[in-house]
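Any value given below was found using the heavy atoms of this structure, including those in side chains, with hydrogens, waters and symmetry copies removed.
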Amino acid sequence: MSAPQIPNLNTLRRRGGPGRLRSRGGGVGPDASSASKDSVVQNTDNDASVSRLSAVRLGYLEDVFAQSLTPAGLETRRFPIINRGTYVRTTAIDHLVSRFVESHPEQHTKRQIISLGAGTDTRAFRLFSSKTATHSDLIYHEIDFPVNTAAKIRAIRSSPALQGALRNDSSPGISNDVNISDTGDALHSPRYHIHPLDLRSLSRSTPDPITTLQDLDPTLPTLLISECCLIYLPPDQADSVVHHFTTTIFPPTTPLGLLIYEPIRPDDPFGRTMVSNLATRGIHLQTLNKYASLDAQRRRLREQGFEGGQAAADIDFIWERWVSEEEKERVASLEMLDEMEEWRLLAGHYCVAWGWRGDVFHCWGGIEGQE
């Protein structure tokens with residue numbers, strides 16, 4: 001469950017603005033079956049993987065695993081505005097993840113990441129193949145619908161590069177340390193786990209949540225990641241899923257962080273266009289109105305118990321303040337982007353929010369947020 005592509009904004013402008021946007025069909029209406037709605041959300045992951053591969057091929061990002069996890073036949077060059085958005089989103093989240101993984105290396109403390117709705121995300125493989133020694137102490141869990149986890153496991157089985165990233169130094173091959181379920185939708189290894197699970201089941205009382213998520217350690221410092229995942233759930237369910245992790249699985253003594261990437265500001269002209277366009281595809285951003293601003297995102301984190309700190313910034317701010325001038329010049333040289341007004345509109349309608357509890361996350365305290 002990943003962020004769908006936003007349409008080219010020049011097209012909207014030529015057609016006379018937001019009021020002229022019309023569907024090309026293929027969406028799922030509000031009266032569609034639950035299975036059809038789930039299928040639409042599951043398929044948004046294809047948009048994200050294609051956008052990632054486009055940004056990699058053009059030199060925005062380095063990711064040797066992007067090709068292996070992009071469905072064959074879907075490769076498409078995205079518009080420059082989308083490529084830049086993919087670049088900023090990816091590097092911003094990578095920055096926060098790296099701070100968590102590499103903090104207090106002298107303590108050699110194992111760390112744990114749980115990616116909600118991970119889909120075809122390559123971050124685990126990029127971390128495991130990194131030369132940073134502390135990554136050998138990282139355990140990575142991914143949760144998604146069974147249809148998505150099964151597709152990812154098929155990709156892993158057919159890719160020597162993905163298999164190589166999963167090997168420990170002492171393991172002779174993937175077959176010796178990776179266990180794949182008979183149904184082909186679950187994978188477990190010493191440091192990487194794929195769980196076929198509908199997150200909505202965590203918003204209800206479960207008899208044994210630790211068993212549900214095999215090999216999850218409730219004592220390890222843990223980072224939860226939601227890249228356009230929780231936003232597809234009704235607000236009460238989204239809050240309940242987070243609450244399940246912050247209280248039921250992880251006791252208050254466990255250092256815990258939550259990193260969220262999702263749209264904001266639905267009530268201005270661009271925001272209304274964005275919501276309308278996605279709705280024509282059957283995509284409904286259910287928590288968007290409740291967490292529509294940076295203040296609301298920070299309040300959300302505080303109310304979920306991340307009392308160590310809360311921060312948020314939109315993608316426009318992150319591009320301007322987190323990316324060095326030298327790197328901006330490099331990115332600008334990759335392809336022409338002359339729609340600067342449209343870029344700022346798009347970048348101002350997505351945000352990264354992060355909250356934490358516990359000493360391990362003190363490294364996040366110095367990362368600049370937006371007022």
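Side chains of His193 and His188: a donor-acceptor N/O pair is present below 3.5 angstrom, by distance only. A donor atom on one side chain and an acceptor atom on the other are not found under 3.5 Å apart for Arg200 and Ser240. Between Arg77 and Ser54, the side chains place no donor N or O within less than 3.5 Å of an acceptor N or O (distance only, hydrogens not considered).
Under the 30°/60° scheme for interplanar angles, the aromatic rings of Phe250 and Phe245 are found to lie parallel. Ring-plane geometry between His195 and His141 is classed as parallel, the angle between the planes falling under 30 degrees on a 0 to 90 degree scale with a further cut at 60.
Looking at Thr90, its side chain does come within 3.5 Å of a backbone N or O of Thr86 through a donor-acceptor pair. Looking at Ser201, its side chain does come within 3.5 Å of a backbone N or O of Asp198 through a donor-acceptor pair. A donor-acceptor pair under 3.5 Å is formed between the side chain of Ser181 and the backbone N or O of Gly184. Using a distance-only test at 3.5 Å, with no hydrogens or angles considered, a donor-acceptor pair links the side chain of Thr273 to the main chain of Pro269. Panel note: side chain Trp322, backbone Ala92; no donor-acceptor pair is recorded below 3.5 Å. In this structure, the side chain of Ser98 does not engage the main chain of His95 through any donor-acceptor pair within 3.5 Å. Side chain of Thr222 to main chain of Leu220: a donor-acceptor pair is present (N/O by atom type, distance under 3.5 Å, no hydrogens or angles). The main-chain N or O of Leu162 is found under 3.5 Å from a side-chain atom of Ser159 such that the two form a donor-acceptor pair.
Between Leu69 and Lys152, some side-chain heavy-atom pair lies under the 4.5 Å cut-off. A heavy-atom distance below 4.5 Å is found between the side chains of Leu259 and Leu223. For the pair Gln310/Gln297, no side-chain contact is recorded, criterion being any heavy-atom separation below 4.5 Å from C-beta on. With a 4.5 Å cut-off on side-chain heavy atoms, Leu197 and Leu213 count as touching. Two residues are said to be in side-chain contact when any heavy atoms from C-beta on lie closer than 4.5 Å; Ser115 and Ser226 fail this criterion. Side-chain contact between Trp356 and Phe100 is absent, with no heavy atoms from C-beta onward closer than 4.5 Å. In this structure, the side chains of Tyr350 and Arg89 stay at 4.5 Å or more apart for every pair of heavy atoms. Counting heavy atoms from C-beta on, the side chains of Phe128 and Leu138 come closer than 4.5 Å.
Residue pairs satisfying the salt bridge (charged side-chain N to carboxylate O under 4.0 Å, His left out) criterion with at least one member in residues 248-269, sequence neighbours excluded, are listed as follows: Glu262-Arg300, Arg265-Asp314. Listed by first and then second residue, the salt bridge (charged side-chain N to carboxylate O under 4.0 Å, His left out) pairs involving residues 241-256 amount to none (not counting sequence neighbours).
One finds no salt bridge joining Asp63 and Arg57 here, because no Lys/Arg side-chain nitrogen approaches an Asp/Glu carboxylate oxygen to under 4.0 Å. For the pair Arg167 and Asp177, the salt-bridge criterion is not met [side-chain N within less than 4.0 Å of a carboxylate O]. Using a 4.0 Å cut-off between charged nitrogen and carboxylate oxygen, Glu335 and Arg84 do not count as a salt-bridge pair.
Here Ile264 is tied into one hydrophobic group with Leu294, each link being a pair of ILVMFWY side chains closer than 4.5 Å. The other members of the hydrophobic cluster of Leu74, by chain and number, are Val50 (side-chain heavy atoms under 4.5 Å, ILVMFWY only).
Here the closest non-hydrogen pair linking Asn83 and Ala55 is OD1-N, 3.8 Å. Residues Arg99 and Cys363 share a closest heavy-atom pair of NH1-O, 2.7 Å. Pairing each heavy atom of Ser158 with each of Gln163, the nearest pair is N-NE2, 4.3 Å. The shortest heavy-atom contact between Phe361 and Gly257 is CZ-N, 3.3 Å.
With values rounded to the nearest 0.5 angstrom, Ile156 atom CD1 is found 7.0 Å from Ile180 atom CD1. Atoms CG and CD, from Leu199 and Gln237 in turn, are 10.0 Å apart once rounded to the nearest 0.5 Å. In this structure, the separation between CD on Gln286 and OH on Tyr232 is 10.5 Å, given to the nearest 0.5 Å. Rounded to the nearest 0.5 angstrom, Leu334 CG and Tyr60 OH are separated by 5.5 Å. Here the CZ-CG distance, from Arg157 to Leu187, works out to 8.5 Å after rounding to the nearest 0.5 Å. Atom-to-atom distance recorded for Ser49:OG and Glu75:CD is 9.0 Å, nearest 0.5 angstrom.
Not a single salt bridge (Lys or Arg N to Asp or Glu O under 4.0 Å) links Glu326 to another residue, sequence neighbours left out. Tyr140 is linked by a side-chain hydrogen bond (donor to acceptor under 3.5 Å, both in side chains) to nothing, counting only residues two or more places apart in sequence or in another chain. Evaluation of the salt bridge (Lys or Arg N to Asp or Glu O under 4.0 Å) rule for Arg123 yields Asp94, Asp121, Glu227 as partners, not counting sequence neighbours. Listed by chain and residue number, Arg344 satisfy the side-chain hydrogen bond (donor to acceptor under 3.5 Å, both in side chains) test with Asp316 (two or more places apart in sequence, or in another chain). Shown here are the salt bridge (Lys or Arg N to Asp or Glu O under 4.0 Å) partners of Glu62, two or more places apart in sequence or in another chain: there are none. Every residue meeting the side chain to side chain contact (heavy atoms under 4.5 Å, CB included) condition with Thr247, not counting sequence neighbours, appears here in chain and number order: His243. Residues satisfying the salt bridge (Lys or Arg N to Asp or Glu O under 4.0 Å) criterion with Asp185, sequence neighbours excluded, are absent altogether.
Hydrophobic clustering of Ile, Leu, Val, Met, Phe, Trp and Tyr side chains at less than 4.5 Å, counting indirect connections, keeps Leu53 apart from Val88. By the criterion of side-chain heavy atoms lying less than 4.5 angstrom apart, applied directly or through intervening Ile, Leu, Val, Met, Phe, Trp or Tyr residues, Leu224 is grouped together with Ile260 in one hydrophobic cluster. Hydrophobic clustering (side-chain heavy atoms under 4.5 Å, transitive across Ile, Leu, Val, Met, Phe, Trp, Tyr) groups Met340 together with Ile318. Put simply, Tyr261 and Trp354 are part of the same group of oily side chains (I, L, V, M, F, W, Y) that touch within less than 4.5 Å, one to the next. A continuous path of Ile, Leu, Val, Met, Phe, Trp and Tyr side chains, each step under 4.5 Å between heavy atoms, connects Phe79 with Leu58, placing both in one hydrophobic cluster.
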Please determine whether side chain to side chain contact (heavy atoms under 4.5 Å, CB included) holds for the pair Glu320 and Ile315, giving the CA-CA distance in whole Å, both sets of side-chain angles, and the decisive distance to 0.1 Å. CA-CA 9 Å; Glu320 292 295 335; Ile315 293 299; over 6 Å; no

Test Leu116 against Cys229 for side chain to side chain contact (heavy atoms under 4.5 Å, CB included), laying out the working first. CA-CA 6 Å; Leu116 309 178; Cys229 172; 3.9 Å; yes

Given the rule in the side chain to side chain contact (heavy atoms under 4.5 Å, CB included) test, do Val360 and Arg111 qualify, once you have shown the distances and angles that lead to the verdict? CA-CA 10 Å; Val360 169; Arg111 310 290 161 88; 3.7 Å; yes

For side chain to side chain contact (heavy atoms under 4.5 Å, CB included), just list the numbers for Phe317 and Cys351, CA-CA rounded to whole Å, side-chain angles, deciding distance to a tenth of an Å, and then say yes or no. CA-CA 9 Å; Phe317 179 91; Cys351 82; over 6 Å; no

Tell me which donor-acceptor pairs under 3.5 Å the side chains of residues 301-308 have, and how far apart each pair is, sequence neighbours excluded?
| from | atom 1 | to | atom 2 | distance (Å) |
| --- | --- | --- | --- | --- |
| Gln304 | NE2 | Asp239 | O | 3.0 |

